Amino acid sequence: MEEQLLSRINDRTAVVGIVGLGYVGLPLAMEFAKAGFRVIGYDVSKRVCDRLMAGESHIQDVPSEDVARMVAAGKFEATTKSARLRECDAVSIAVPTPLGKTRDPDMSYVNAATETIAENAHPGMLVVLESTTYPGTTREVMQPRIEACGLTVGDDVFLAFSPERVDPGNERWNTKNTPKVVGGITPACTEVAVALYGACIDRPVPVSSTEAAELVKLLENTFRSVNIGLVNEMAIICDKLGVDVWEVINAAATKPFGFMKFTPGPGIGGHCIPLDPHYLAWKMRTLNYKTRFIDLASEINSAMPDFVVEKVAHALNEARKAVNGSRVLVIGVAYKKNIDDMRESPALDVMRLLEERGATVEYHDPFVPVFRENGHERRSVDLTPERLGGADAVVIVTDHDGVDYQGIVDGAELVVDTRNATARTRRSRARVVSLSVTSTEPGTGVNATLPGHPPLAAAR
Ligand SMILES: NC(=O)c1ccc[n+]([C@@H]2O[C@H](COP(=O)([O-])OP(=O)(O)OC[C@H]3O[C@@H](n4cnc5c(N)ncnc54)[C@H](O)[C@@H]3O)[C@@H](O)[C@H]2O)c1
């Protein structure tokens, strides 16, 4: 079985299935198709499949032309028919792994995908889970279900875990050139999974087990969560001490070794950093171990929207205004710069908290023209001089490139800048309040960034 599958991978006659065609699944499907495989993408969403078959990408980092070209060449098709997975020699699963209301793992998508695979599994098939999950999922959840079909993992079928590291909006690192960790249930499982990914990804990185591979992803995202938590706490510390946190971080980042720059902000968002560490925390709770770093970072990061709203309230107060009745214009609602992803965005909390205090809130985001939350539709407004001049406060939550920050400090009265986006603007009309300096003279731009040290993206 192993030799047969390896040979089909090597000569590209293997058919690759992708379950879940979202931020992770679609770029992966395109890489396999570009490498010469025929790819069948299975998604439960008819809307997603119809759009893809019409040559339209719904993922910002995947150009529609790529999808249209692969569909036209017969290299890629998207379907809602799960039985088509039976045609596949290898299947990668990239379905959501959200948290439930009690912040426990919601495994319903992985369970459903596993069920679908089990119904269509056949001897000689490789199955790889890509969804971020707690250590033990592949062996404890997937292996028994697949083996219940009478197939033995390692002999008849092959099972592995390979975490996705896609960073939406990152122009340098993409699915192809980012090394990919792969760990199988048995050495044969690892070998075939490495062969498959090696066919379309520059550098597969084998590890000894599915648990090690699952933990790699959780370590990476916990590392980011903890470090973002640390700089967010540093922003609070600097605020209390009256020191500019950006100056401190930028100066620390001149150290050529032993320091890695992270930047504070209004909180964390996206499908990874706010969620993934909780998968590990949950697993460890079942073993009576409390993951203190994870819990503390989560506590600090999730309190940042409140901190921002307090800054807004304080700054309005200095101008003898109340939050109640104020007009607030939020700049940037995506969870990080230059992308359109709103999932878990701290902007949602900032807007909700301001509205709970009686503010009237509008937003401007060139990447998010419209979004719905709790059945309520919001639309991005234009950045006109009238709108800037009419706002009691402008709050920069996400620092997209291409937004006219000079225009903002020229036109607004008060700017609360949570991202240091106004650092390079000239002195102007607006009073600019940063995360850590309670209040500054009009447009002083206290937050000058040292040259040569661009900040890391704040989340994910
Ligand atoms: N988004 C990222 O940047 C990123 C990065 C690394 C890892 N991840 C992980 O990858 C996984 C997928 O995340 P995503 O961002 O691609 O999600 P997504 O929501 O963008 O896409 C998931 C897709 O799966 C489909 N789906 C749901 N249940 C299905 C089922 N049973 N069968 C077939 N299709 C189904 C949905 O319709 C959707 O199109 C998650 O575990 C996530 O944590 C995401």
Side-chain angles (χ1 to χ4, degrees), residues 1-2 5 14-22 24-25 28 40-44 82-100 104-164 180-197 204 206-218 275-276 279-280 282-283 286-287:
M1 282 300 163
E2 186 186 345
L5 182 54
V15 178
V16 178
I18 305 287
V19 176
L21 296 169
V24 169
L28 190 64
I40 298 175
Y42 162 66
D43 200 293
V44 287
S82 59
R84 295 290 312 281
L85 293 174
R86 206 160 295 154
E87 293 168 41
C88 298
D89 299 285
V91 183
S92 295
I93 304 170
V95 294
T97 42
L99 293 173
D104 286 353
D106 173 356
M107 297 302 288
S108 59
Y109 299 90
V110 170
N111 288 338
T114 305
E115 196 58 37
T116 305
I117 304 257
E119 284 162 10
N120 295 288
H122 57 74
M125 193 186 236
L126 164 67
V127 179
V128 184
L129 180 62
E130 296 235 356
S131 302
T132 307
T133 184
Y134 61 85
T137 304
T138 315
R139 195 182 302 275
E140 293 159 14
V141 175
M142 297 190 68
Q143 185 178 357
R145 180 61 193 92
I146 290 171
E147 292 196 327
C149 308
L151 299 163
T152 304
V153 167
D155 290 334
D156 308 316
V157 288
F158 305 95
L159 180 60
F161 182 84
S162 179
E164 183 49 60
K180 194 146 176 36
V181 171
V182 181
I185 294 282
T186 69
C189 296
T190 307
E191 197 188 339
V192 281
V194 164
L196 179 75
Y197 286 108
V207 294
S208 67
S209 65
T210 50
E211 286 80 4
E214 289 159 340
L215 264 173
V216 167
K217 177 73 184 176
L218 295 174
L275 312 184
D276 298 353
Y279 271 69
L280 184 54
W282 173 84
K283 176 69 185 179
T286 69
L287 300 174

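Being a predicted model, the structure only gives us computed values, none of them experimental. Reckoned from all heavy atoms, side chains included, excluding hydrogens, waters and symmetry mates.
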Peer 1: My understanding is that only residues two or more places apart in sequence, or in another chain, count here; which of them pass salt bridge (Lys or Arg N to Asp or Glu O under 4.0 Å) with Glu214?
Peer 2: none
Peer 1: For Thr133 and Val110: C-alpha separation, side-chain torsions, deciding distance, then whether side-chain contact (heavy atoms from CB on, under 4.5 Å) applies.
Peer 2: CA-CA 9 Å; Thr133 184; Val110 170; 5.6 Å; no
Peer 1: Excluding sequence neighbours, so at least two apart, what forms salt bridge (Lys or Arg N to Asp or Glu O under 4.0 Å) with Asp89?
Peer 2: Arg8
Peer 1: I'd like to check the ring pair (Phe, Tyr, Trp, His ring centres under 6.0 Å) partners of Tyr197; sequence neighbours left out, ordered by chain and number.
Peer 2: Phe32
Peer 1: Output the distance between atom CG (Leu159) and atom OG1 (Thr114), rounded to the nearest 0.5 Å.
Peer 2: 9.0 Å
Peer 1: Minimum heavy-atom separation for Glu140 and Pro144, please, with both atom names.
Peer 2: O-CG, 3.2 Å
Peer 1: Which of parallel (below 30°), tilted (30 to 60°) and perpendicular (above 60°) describes Tyr134 and Trp282?
Peer 2: tilted
Peer 1: Partners of Glu115 by salt bridge (Lys or Arg N to Asp or Glu O under 4.0 Å), sequence neighbours excluded?
Peer 2: Arg145
Peer 1: When rounded to the nearest 0.5 angstrom, what is the spacing between CD in Gln143 and SG in Cys189?
Peer 2: 8.0 Å
Peer 1: Counting distance only, does the side-chain N/O of Asn120 pair as donor-acceptor with the main-chain N or O of Leu85 below 3.5 Å?
Peer 2: no
Peer 1: Look only at the side chain of Thr97 and the backbone of Thr132, and say whether a donor-acceptor pair between them is shorter than 3.5 Å.
Peer 2: yes
Peer 1: Quick one: do Ile185 and Met142 satisfy side-chain contact (heavy atoms from CB on, under 4.5 Å)? Show the steps, please.
Peer 2: CA-CA 11 Å; Ile185 294 282; Met142 297 190 68; over 6 Å; no
Peer 1: With a 4.5 Å limit on heavy-atom distance, are the side chains of Thr116 and Val19 in contact?
Peer 2: no
Peer 1: To the nearest 0.5 Å, what is the distance between CG (Leu215) and NZ (Lys283)?
Peer 2: 10.0 Å
Peer 1: Would you find a donor on one side and an acceptor on the other, under 3.5 Å apart, between the side chain of Lys217 and the backbone of Glu164?
Peer 2: yes
Peer 1: Taking all heavy atoms of Leu5 and all of Gly124, pick out the closest pair and write down the distance.
Peer 2: CD2-O, 3.5 Å
Peer 1: For the pair Val127 and Val157, evaluate side-chain contact (heavy atoms from CB on, under 4.5 Å) and give the outcome as yes or no after the intermediate values.
Peer 2: CA-CA 8 Å; Val127 179; Val157 288; 5.8 Å; no
Peer 1: Over all heavy atoms of both residues, which pair between Asp106 and Gly100 is shortest? Give the atoms and the distance, please.
Peer 2: CB-N, 4.0 Å
Peer 1: So Phe158 and Glu191, do their side chains get closer than 4.5 Å, heavy atoms only?
Peer 2: no
Peer 1: Check for a donor-acceptor pair, side chain of Ser162 on one end and backbone N or O of Val181 on the other, with a separation under 3.5 Å.
Peer 2: yes
Peer 1: Is it true that a side-chain atom of Glu2 and a backbone atom of Val192 form a donor plus acceptor pair closer than 3.5 Å?
Peer 2: no
Peer 1: With rounding to the nearest 0.5 Å, note down the distance linking CG in Leu218 to CG in Leu280.
Peer 2: 5.5 Å
Peer 1: Pro206 and Val194: which non-hydrogen atoms are nearest, and at how many Å?
Peer 2: CB-CG2, 3.9 Å
Peer 1: Under 3.5 Å, is there a donor-acceptor pair between the side chain of His122 and the main chain of Cys88?
Peer 2: yes
Peer 1: For a quick test of reading the model, state the closest non-hydrogen atom pair linking Ala90 to Leu196 and the distance between them.
Peer 2: CB-CD2, 3.8 Å
Peer 1: Measuring from atom CD1 of Ile146 to atom CG of Asp156, what distance do you get when rounded to the nearest 0.5 angstrom?
Peer 2: 11.5 Å
Peer 1: For Thr186 versus Val153, what's the shortest heavy-atom pair and its separation?
Peer 2: CG2-O, 4.2 Å
Peer 1: Taking only residues two or more places apart in sequence or in another chain, which ones pass ring pair (Phe, Tyr, Trp, His ring centres under 6.0 Å) with Tyr42?
Peer 2: none
Peer 1: Whether the side chain of Asn111 engages the backbone of Met107 through a donor-acceptor N/O pair (distance < 3.5 Å, no angle test) should be reported.
Peer 2: yes
Peer 1: With sequence neighbours left out, what residues match Asp155 under side chain to side chain contact (heavy atoms under 4.5 Å, CB included)?
Peer 2: Thr152
